[in-house]
Amino acid sequence: MTKFYVETFDFKNPEKVEEIFEALLNEPIDTVENLEKWLKKQSELFDAMEEAMSGHYIDFQCQSDSKEAKDIFEHDQNVIDPIFKKYVSLFDEVFLTSKAIGQLDRDLYKQLIKRKQNAKEIFRLENIELEIQEDALATNYFEHTGGLTIEWEGEELTLSELSPFIQSPNRHTREKALTLLNEAYISKENELQQIMNDLVALRHKKAHNTGLPNFRDYMFKKYERFDYTPEDCTVLAQSIRKYVKPLKEKLQKQHKLELGVDSYRPWDQQAVPKEQKPLQPFRTTEELIDKSKVILEHLDPRFAELLSTMNEQGMLDLKSRKGKSPGGFCSDLPVSQLSFIFMNASKTQDDMITMLHEMGHCIHNDLMREQPIGDYREVPMESAELASMSMELLTMDQWHLFYENEEDLIRAKKEQLKGIVDFLPKGMIIDQFQHWIYEHPDHTPAERDAKYKELLIEFDANVVDWNGYEKWQQASWLRVLHIFEVPFYYIEYVIAQLGAVQMYKQYKENPEKTLTNYKQALQLGSSKSLPEIYETAGIRFDFSEDMIRELMLFLEEELEQLN
């Protein structure tokens, strides 16, 4: 694979890396001028570290069956990252005790000081070793899932490549495809359940070391969730149960009628009717890139230029293949001042959406480059996902570039809006599931599966007939890599999705103003609170009952207009 990232330091020589950190740690910061220069140097050092470690992580995700990539990635996890975490804590301590801190611009540095104080409260040196073990377990998850393949008509396919068959108008084909997908994950169930057992024990110990009652409370502080509480998440879940679940059930019943089936089975959920074919917006990844550039050019020439540069610099890995980890992500490379997009394209509508979604992250990273304080380029996921989910919706009026056929274009738009209704209950289930897991750390795998099924029944639509396939239903959480790799990273998708629908509503009323608001909000990075960032975007950081009801009425009206 072509080297696409910059390695400033030799990570094979950790002592030298420590010397660089130590030298900066001992620089004088007795005046405001010195303190601000020191913060700038710290940002540059952190950028160099992040670029190399992100590059090694990407290498491993792109080739999870490569021993060399794995060894380098694990060296980072076991040797370099612990050094990094130790010195980040030491830098925070020095910063917070500096005599010059009181002379800093309060408005500019308010969020930074708040974040450093929070980080100091939860940092424990003994947790670094636990995090090394935690990272190794997450890596183990990818080793088990990244290599999963199935045989389809004499050809070996990755699980991502099954997507078109799961949407097939032929009921037997989609049942076979979904069966193979679920059986592939269930074949690894014992290993994945054991990984989860070990992760829960480690994570509970981390929380205990910080004096917090459970890992959920620890992660709320770790993710700097200053603007909402665990109780707010429970209220949001109930609001979604009240206003989104009924709409989802209505849409699924309509889908059942369209399919002409007596019983709505698990393999019917993504199916297209007999007279249709699954949407195929592109045939090659080159076509996906080219058409995405034209769409982005319509919004802002800089957006298209960014994608072109990333493509030229080898920062797109879009095709699915054996030995590549599942999923998709965007990773910032701060020294290169570009981002890397990783995904597993199988020529579906979801792939087109994923491309535009990840470009939202890339655009966000690009708009933050001028932030004077490096820490402010590290954004909470509630605003990061607002950037990406809004991009999905703000591009909808240009989707004719992917769908020349008017019927396909309407179907694509309907799928997108229905997808939002479909996702919101699932997002809350995964969030509430993790709350339960870490509030009850002594649970068994059987209790874990039973709880997931219970949440599905409570919050999700109950139109699907799971009879005989209850195992698929209760074990489906095993496919959610976030639960293993980035715990509690899911509620952000729900919050940001609600924000993105507000952005779309605003865009339909005033496109130019919405794009201006979008860019201004993203430029803020994390220099302001979430409510302030959402306000700059022209929307509300609000997941009250009234807001959920209002947005579901809007989506229902949009779908009716498309009909």
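We use all heavy atoms of the structure for the numbers below, so side chains are in, but hydrogens, waters and symmetry mates are not.
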Discussion item. Less than 4.0 angstrom from a charged side-chain N to a carboxylate O is my criterion; do Glu7 and Lys3 meet it?
Written reply: yes
Practice prompt. Assess whether atom CD of Gln561 is packed by more than 12 heavy atoms of other residues, nucleotides or ligands within 6.0 Å.
Written response: yes
Worksheet item: Which atoms form the tightest heavy-atom contact between Gln416 and Glu392, and what is the distance?
Response: NE2-OE1, 2.9 Å
Discussion item. Would you say the rings of Phe91 and Trp38 are close, in the sense that their centroids are separated by under 6.0 Å?
Written reply: yes
Fill in: Ser527 side, atom OG; Met368 side, atom CE - distance, nearest 0.5 Å
10.0 Å
Worksheet entry | Side-chain donor-acceptor pair present, Tyr438, Arg203, cut-off under 3.5 Å | yes
Worksheet item: Can the ring centres of Phe541 and Phe543 be said to be less than 6.0 Å apart?
Response: yes
Discussion item. Within this structure, what is the CE-CG distance for the pair Met219 and Leu212, rounded to the nearest 0.5 Å?
Written reply: 12.0 Å
Worksheet entry | Residue pairs passing the side chain to side chain donor-acceptor pair (under 3.5 Å) test where at least one lies in residues 105-114, sequence neighbours excluded | Glu36-Tyr109
Practice prompt. Check whether the side chains of Asn517 and Gln506 place a donor and an acceptor atom closer than 3.5 Å, and report yes or no.
Written response: yes
Worksheet item: Under 3.5 Å, is there a donor-acceptor pair between the Thr395 and Gln398 side chains?
Response: no
Discussion item. Quick one about Ser544 and Asp546 (side-chain donor to acceptor, distance below 3.5 Å, no hydrogens or angles considered), yes or no?
Written reply: no
Practice prompt. Measure across Val421 and Val244 and return the closest heavy-atom pair with its distance rounded to 0.1 Å.
Written response: O-CG1, 3.6 Å
Worksheet item: Any donor-acceptor pair under 3.5 Å linking the side chain of Tyr518 with the backbone of Lys513?
Response: no
Worksheet, complete the sentence: Smallest heavy-atom separation, Thr285 atom then Ala345 atom, equals CG2-CB, 4.4 Å
Item to complete: Please check if atom CD in Glu33 has more than 12 non-hydrogen atoms from other residues, nucleotides or ligands closer than 6.0 Å.
Response: no
Worksheet item: For the ring pair His482 and Tyr493, is the centre-to-centre distance below 6.0 Å?
Response: yes
Practice prompt. Rounded to the nearest 0.5 Å, what's the gap from NE2 on His435 to CD1 on Ile491? Could you check?
Written response: 6.5 Å
Discussion item. Using 0.5 Å steps for rounding, measure from the CD atom of Glu556 to the CG atom of Leu551.
Written reply: 13.0 Å
Discussion item. Do the side chains of Asp422 and Lys248 get close enough for a salt bridge, i.e. N-O under 4.0 angstrom?
Written reply: yes
Worksheet item: Any chance the side chains of Tyr534 and Asp542 put a donor and an acceptor closer than 3.5 Å?
Response: no
Fill in: Closest non-hydrogen atom pair, Gln276 against Arg411
OE1-NE, 3.2 Å
Worksheet item: So, the side chain of Ser388 versus the backbone of Glu385: is there a donor-acceptor pair under 3.5 Å, distance only?
Response: yes
Practice prompt. Inspect the surroundings of NZ in Lys85 and state if more than 12 heavy atoms from other residues, nucleotides or ligands are less than 6.0 Å away.
Written response: yes
Practice prompt. State plainly whether the residues Lys508 and Glu558 are in salt-bridge range, i.e. N to O under 4.0 Å.
Written response: yes
Worksheet item: Within a reach of under 6.0 Å around CD of Glu560, are more than 12 heavy atoms found that belong to other residues, nucleotides or ligands?
Response: yes
Practice prompt. May I ask you to check whether Phe46 and Phe84 place their ring centres under 6.0 Å from each other?
Written response: yes
Worksheet item: How long is the span from the CD1 atom in Ile539 to the CG atom in Leu498, to the nearest 0.5 Å?
Response: 9.5 Å
Worksheet item: Just wondering, are more than 12 heavy atoms of other shown residues or ligands nearer than 6.0 Å to CD in Glu535?
Response: no
Fill in: Check ion pair Asp92-Lys120 (N to O, under 4.0 angstrom)
no
Worksheet item: Counting N and O atoms only, with roles assigned by atom type, does the side chain of Glu287 sit under 3.5 Å from a partner on the main chain of Arg283, one being a donor and the other an acceptor?
Response: yes
Worksheet entry | Proximity of Tyr57 and Phe329 rings by center, below 6.0 Å | yes
Fill in: Main-chain N/O of Glu458 paired to Lys245 side chain as donor or acceptor, under 3.5 Å
yes
Practice prompt. Verify side-chain hydrogen bond (donor to acceptor under 3.5 Å, both in side chains) between Gln434 and Arg216, making sure each step is shown before the conclusion.
Written response: CA-CA 8 Å; Gln434 294 187 88; Arg216 189 272 313 277; over 6 Å; no
Discussion item. Go through it in stages, so that I can follow the logic: the residues are Gln371 and Gln523, the test is side chain to side chain contact (heavy atoms under 4.5 Å, CB included), and I'd like the CA-CA distance, side-chain angles, deciding distance and then a yes or no.
Written reply: CA-CA 7 Å; Gln371 268 296 329; Gln523 284 171 347; 5.7 Å; no
Worksheet item: Any idea how Trp477 and Phe433 line up, ring-wise: parallel (<30°), tilted (30 to 60°), or perpendicular (>60°)?
Response: tilted
Worksheet entry | Donor-acceptor contact below 3.5 Å, side chain Thr210 vs main chain Ala207 | yes
Worksheet item: Looking at Phe554 and Val501, what are the two nearest heavy atoms and their distance?
Response: CD2-CG1, 3.8 Å
Worksheet item: Strictly by modelled atom types, are Asp227 and Ser529 linked by a side-chain donor-acceptor pair under 3.5 Å?
Response: no
Practice prompt. Apply salt bridge (Lys or Arg N to Asp or Glu O under 4.0 Å) to the pair Asp366 and Lys519, showing each step before the final yes or no.
Written response: CA-CA 10 Å; Asp366 189 57; Lys519 289 184 280 190; over 6 Å; no
Fill in: Pairwise distance CE(Met428) to SG(Cys233) - rounded to 0.5 angstrom
6.0 Å
Fill in: Centroid separation Tyr223 to Phe488 less than 6.0 Å
no
Practice prompt. Would you indicate whether Lys347, at its atom NZ, is surrounded by more than 12 heavy atoms from other residues, nucleotides or ligands within a distance under 6.0 Å?
Written response: no
Fill in: Short side-chain donor-acceptor distance under 3.5 Å, Ser526 and Arg115
yes
Worksheet item: Is Asp351 reaching over with its side chain to a backbone N or O of Thr348, donor-acceptor style, under 3.5 angstrom?
Response: yes
Worksheet item: Okay, side chain of Glu249, backbone of Val463: is any donor-acceptor separation there less than 3.5 Å?
Response: no
Worksheet item: Closest heavy-atom contact between Gly314 and Phe340?
Response: O-CE1, 3.7 Å
Practice prompt. Check the angle between the aromatic planes of Tyr5 and His56 and answer parallel, tilted or perpendicular using the 30° and 60° thresholds.
Written response: perpendicular
